[in-house]
Amino acid sequence: MTEVWILGGTGRSGRAIAAELRRRGIEPVLVGRDAERLKAAAGSLRTVVAASVQDTAAAIRRARPAVVVNTIGPFVETAEPLLSACRPHSHYVDLANDLSAVSATLAQAPAFAAAGRTAVTGAGFGVTATESVVVKLCEGRPAPRRVRVDMIPSLASEGGPVGDALAGTLVEGMPGLEGGGRFQGRQYRNSHLTPARLAGDPLRLTLPDGNTVTTASMPLGELMAAQRASGAPDVISASSEAPASPMVRAIMPLATALLTIAPVRSFARRRLAAVTTKPSPKPREHSWGHAAAHWSDGTVREGWLRVGEAQVWTGTVPAEVVRRLLDGAGKPGAYTPAALFGSTLAEACGGEYQIVGE
């Protein structure tokens, strides 16, 4: 069976991945809850209607597609049942960049290795762009002492309701993740996850195109990907999407403390899901992944990866990962994209590296 299933096929990410797969000569199957929306999105593509994640998992077990692409968040809730359904017959790819979900999927490495299948998590902009720069900087070198990665997306918004998937990702925190509380930040210190302040370590960056942005630390999947790719004992992940103003950073401890109360969290999730956003253009021409690596001998290497609109690239990366898995280029186990396919994956997806000092 060589079918490729895209779960959440009516969403923006699902549609983008489907278009990129078709450009590569692969006709995917779109999977979703709403038959009418699926029909409108699919055109001539085959569809599968599944009312819930559990129904989707059951359909995967019956049909045994070659690759399953999961675009349905919150990934910390959807990944586990879908990963279980994929073994032992299907490869699995998702777009997670929340640290809990990425960690949980990577923990499935022994099970996927035993099944002879591959799971790839973080196959979207944030994890792939930053991890790829880290891999590029560290090629042929010993592990650095310290690494910082910065995700700087440029996104055009279609507008519309936030929806439960994104609201859940934002509100539910990191349940069960080691190294701190559910609503604390994380960093690596001496190769262990430890608590860190949300939106801490603000840094003003001048991009290679001359624009400036401020990034601040966030407990994203990029953190774990960068640590695994570099072997550095101390790692920070940051994003230009993190709130960087002193006022917002000051009230975040109170806001996150309130979210530890389950009824408050449920209420906030429902209200946020119903919020409608307006369409907006992308704020700058390019999106950037950035990393800086520091070695014990004083060597410092800095690099950038330039790509286009972040959501478009989030369609390109999983499509290229799927193509390689279908071609037999994967390895049994669980990986992030550049850990599996190296720094050239980003270039194959249209990214361009700029390494400072080279």
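Values in this document were obtained by computation on a predicted structure and should not be read as measured data. Residue numbers run from 1 in the order of the sequence given.
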Practice task
Treating Ile, Leu, Val, Met, Phe, Trp and Tyr as nodes and any side-chain heavy-atom pair under 4.5 angstrom as an edge, say whether Ile152 and Leu203 lie in one connected cluster.
Solution key: yes

Handout entry: Which atom of Ser217 lies closest to which atom of Arg197, heavy atoms considered
Key = OG-O, 3.2 Å

Fill in the blank from the handout: For Ile72 and Thr78 the tightest heavy-atom approach is O-OG1, 2.7 Å

Problem - Connected via hydrophobic side-chain network under 4.5 Å: Val149 and Trp295 - result: no

Handout entry: Between Thr299 and Asp297, a side-chain donor and acceptor under 3.5 Å
Key = yes

Handout entry: Met224 vs Leu99 side-chain heavy atoms within contact, under 4.5 Å
Key = yes

Handout entry: Spacing of His290 atom NE2 and Ser240 atom OG [to the nearest 0.5 Å]
Key = 12.5 Å

Practice task
Check whether more than 12 heavy atoms from other residues, nucleotides or ligands sit under 6.0 Å from atom CZ of Arg61, and answer yes or no.
Solution key: yes

Practice task
For Ser230 and Ala226, indicate whether the former's side chain and the latter's backbone hold a donor-acceptor pair under 3.5 Å.
Solution key: yes

Problem - Ser13 versus Gln311, closest heavy-atom pair with distance - result: OG-NE2, 2.7 Å

Handout entry: Flag side-chain contact, heavy atom, 4.5 Å: Leu198 against Pro219
Key = yes

Problem - Atom CZ of Arg33 with >12 non-hydrogen neighbours under 6.0 angstrom - result: no

Practice task
Please check if atom CD in Glu139 has more than 12 non-hydrogen atoms from other residues, nucleotides or ligands closer than 6.0 Å.
Solution key: yes

Handout entry: ILVMFWY network linking Leu193 to Val76, side-chain heavy atoms under 4.5 angstrom
Key = no

Handout entry: Minimum heavy-atom distance between Cys86 and Phe112, given as atom pair plus value
Key = CB-CZ, 4.3 Å

Completion exercise
CG (Asp150) and CG (Leu220) are apart, to the nearest 0.5 Å, by 10.5 Å

Exercise for the section: Report yes if the side chains of Arg228 and Tyr335 come closer than 4.5 Å at any heavy-atom pair, otherwise no. Expected result: no

Practice task
Verify, without hydrogens or angle tests, whether Asp327 (side chain) and Ala329 (backbone) share a donor-acceptor contact under 3.5 angstrom.
Solution key: no

Exercise for the section: Could you tell me whether a side-chain N or O of His294 sits under 3.5 Å from a main-chain N or O of Arg145, the two making a donor and an acceptor? Expected result: no

Exercise for the section: Using atom types as modelled and distance alone, determine if a side-chain donor or acceptor of Thr314 lies under 3.5 Å from a backbone N or O of Ala310. Expected result: yes

Exercise for the section: Would you give the length of the straight line joining atom CD of Gln187 to atom CG of Leu223, rounded to the nearest 0.5 angstrom? Expected result: 8.5 Å

Exercise for the section: Identify whether Leu340 and Leu326 are in the same connected component of the hydrophobic contact network (ILVMFWY, side-chain heavy atoms under 4.5 Å). Expected result: yes

Practice task
Output the distance between atom CG (Leu205) and atom OG1 (Thr212), rounded to the nearest 0.5 Å.
Solution key: 9.5 Å

Practice task
Test Leu155 against Lys282 for side chain to side chain contact (heavy atoms under 4.5 Å, CB included), laying out the working first.
Solution key: CA-CA 5 Å; Leu155 285 162; Lys282 61 183 182 180; 5.9 Å; no

Practice task
Determine the minimum heavy-atom distance between Pro65 and Val68, stating which atoms define it.
Solution key: CG-CG2, 3.7 Å

Practice task
Search all heavy atoms of Ile17 against all heavy atoms of Ala319 and return the closest pair with its distance.
Solution key: O-CB, 4.3 Å

Handout entry: Same cluster (ILVMFWY, side-chain, under 4.5 Å), Leu345 and Val312
Key = no

Exercise for the section: Return yes if some donor-acceptor pair links the side-chain N/O of Ser154 with the main-chain N/O of Glu309 below 3.5 Å, else return no. Expected result: no

With a cut-off of 3.5 Å and sequence neighbours excluded, list every side-chain donor-acceptor pair involving residues 50-60.
unit_1, atom_1, unit_2, atom_2, d
Ser52, OG, Gln54, N, 3.4
Ser52, OG, Asp55, N, 3.1
Thr56, OG1, Ser52, O, 2.9

Handout entry: Enclosure of Arg146 CZ (heavy-atom neighbours >12, cutoff 6.0 Å)
Key = no

Problem - Glu302 side chain to Ala293 backbone, donor-acceptor under 3.5 Å - result: no

Exercise for the section: Decide salt bridge (Lys or Arg N to Asp or Glu O under 4.0 Å) for Arg23 and Glu20; before the verdict, give the C-alpha distance in whole Å, the side-chain angles of both, and the deciding distance to 0.1 Å. Expected result: CA-CA 5 Å; Arg23 286 183 55 231; Glu20 287 293 329; 2.6 Å; yes

Report, one line per pair, each donor and acceptor closer than 3.5 Å where one atom sits in a side chain of residues 346-355; sequence neighbours left out.
unit_1, atom_1, unit_2, atom_2, d
Glu352, OE1, Arg306, NH2, 2.7
Glu352, OE2, Arg306, NH2, 3.4
Tyr353, OH, Ser343, O, 2.7

Show which side-chain atoms of residues 123-135 pair as donor or acceptor with protein atoms under 3.5 Å away, not counting sequence neighbours.
unit_1, atom_1, unit_2, atom_2, d
Thr128, OG1, Gly122, O, 3.1
Thr128, OG1, Gly124, O, 2.8
Thr130, OG1, Gly126, O, 2.8
Thr130, OG1, Val127, O, 3.4
Glu131, OE1, Ala338, N, 2.9
Glu131, OE2, Thr336, OG1, 2.5
Glu131, OE2, Ala339, N, 3.1
Ser132, OG, Thr128, O, 2.6

Problem - Side-chain heavy-atom pair Asn97, Met151 within 4.5 angstrom cut-off - result: yes

Problem - Any side-chain heavy-atom pair of Thr10 and Asp34 under 4.5 Å - result: no

Practice task
First locate atom CZ of Arg186, then atom CD1 of Ile236, and finally report the distance between them rounded to the nearest 0.5 Å.
Solution key: 14.5 Å

Practice task
Mind checking the CD-OG1 spacing from Glu178 to Thr194? Nearest 0.5 Å is all I need.
Solution key: 10.5 Å

Practice task
Ignoring hydrogens and angles, state whether a donor on the side chain of Thr215 or Arg148 is under 3.5 Å from an acceptor on the partner side chain.
Solution key: yes

Practice task
Kindly assign one of parallel, tilted or perpendicular to the pair Trp288 and Trp304, based on the angle between their ring planes and the thresholds 30° and 60°.
Solution key: perpendicular

Problem - Polar side-chain atom of Ser287 near backbone of Val307 as donor-acceptor pair, under 3.5 Å - result: no

Problem - Carboxylate-amine/guanidinium proximity below 4.0 Å for Glu320 and Arg323 - result: yes

Exercise for the section: Please examine the side chains of Met218 and Glu241, heavy atoms only from C-beta on, and report whether any two atoms are closer than 4.5 Å. Expected result: no

